[in-house]
Protein chains: 2
Amino acid sequence: MIKARVIVTLKNGVLDPQGKAIEHALSGLGFDGVGSARQGKVFDLELSGTDRAKAEADLKAMCDKLLANTVIENYAVEIA
Amino acid sequence: MIKARVIVTLKNGVLDPQGKAIEHALSGLGFDGVGSARQGKVFDLELSGTDRAKAEADLKAMCDKLLANTVIENYAVEIA
């Protein structure tokens with residue numbers, strides 16, 4: 001069994017209204033030093049098998065097909 | 001300026017229908033080896049100042065007050 005974490009974040013330059021809302025909310029709560037906030041997604045997956053190279057290739061295919069919108073999002077795959 | 005990443009994940013035992021939907025979708029796309037999928041959130045923040053200890057304390061306070069629901073979610077703070 002292989003445990004993996006996929007982190008999907010918006011590309012630079014893509015507007016992030018959710019992140020802006022978080023910035024404003026933090027500032028309203030008294031946290032003054034927040035320069036920018038951007039929100040992304042994280043996926044924790046468990047894959048059967050022990051072949052790390054195959055797992056990494058599969059995870060990248062999963063990102064390209066389902067987990068990330070590669071037009072506006074970057075993804076990073078970490079295998080534990 | 002300090003860059004930080006906050007990762008918020010559901011605690012073990014908390015139902016994750018979104019993760020279940022991702023499992024089924026991946027299986028439908030032909031990825032057979034996916035044992036479990038759980039989705040969480042990631043926040044990329046930029047904080048002013050250079051005091052890493054203060055930044056970490058602030059980030060934990062932000063998580064407790066706004067970014068995470070600590071009844072059902074865990075959070076991890078990483079300072080770059």
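Quick note on labels: first sequence line is chain A, next is B, and so on, each numbered from 1.
The candidate with the highest count of non-hydrogen atom pairs below 4.5 Å against chain A, out of B:Asp32, B:Leu26, B:Val42, is B:Val42. No other option in B:Ser48, B:Ala4, B:Gly40 has as many heavy-atom pairs under 4.5 Å with chain A as B:Gly40. The most heavy-atom pairs under 4.5 Å with chain B, out of A:Val6, A:Ile2, A:Leu66, come from A:Leu66.
With a 6.0 Å radius and a threshold of 12 heavy atoms from other residues, nucleotides or ligands, B:Glu73 has its CD atom above the threshold. Sparse packing is recorded around NZ of B:Lys3, with 12 or fewer heavy atoms of other residues, nucleotides or ligands lying under 6.0 Å away. Annotation: B:Glu46, atom CD; neighbour count of heavy atoms from other residues, nucleotides and ligands within 6.0 Å is above 12.
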Given side-chain contact (heavy atoms from CB on, under 4.5 Å), test B:Met62 with A:Val34 step by step and report yes or no. CA-CA 11 Å; B:Met62 289 176 202; A:Val34 180; 3.6 Å; yes

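In this structure, chain B has a heavy atom under 4.5 Å from the side chain of A:Leu67, while its backbone stays farther away. Proximity to chain A (any heavy atom under 4.5 Å) is shown, for B:Ala55, by neither the backbone nor the side chain. Looking at B:Leu45, both its backbone and its side chain come within 4.5 Å of chain A, counting heavy atoms on both sides. The part of B:Val8 that comes within reach of chain A is its backbone (N, CA, C, O), which places non-hydrogen atoms under 4.5 angstrom from that chain. Only the side chain of A:Ile7 comes within contact range of chain B, with at least one heavy atom under 4.5 Å from a heavy atom of that chain.
Linking Ile, Leu, Val, Met, Phe, Trp and Tyr residues whenever their side-chain heavy atoms come within less than 4.5 Å leaves A:Leu15 and A:Ile72 in two separate clusters.
Here B:Arg38 contributes atom CZ and A:Arg5 contributes atom CZ; the two are 12.0 Å apart, rounded to the nearest 0.5 Å. Of the inter-residue distances, the one linking B:Lys41 atom NZ with A:Lys41 atom NZ reads 13.0 Å to the nearest 0.5 angstrom.
Between A:Ile22 and B:Phe43, the closest heavy-atom pair is CD1-CE2, 3.4 Å.
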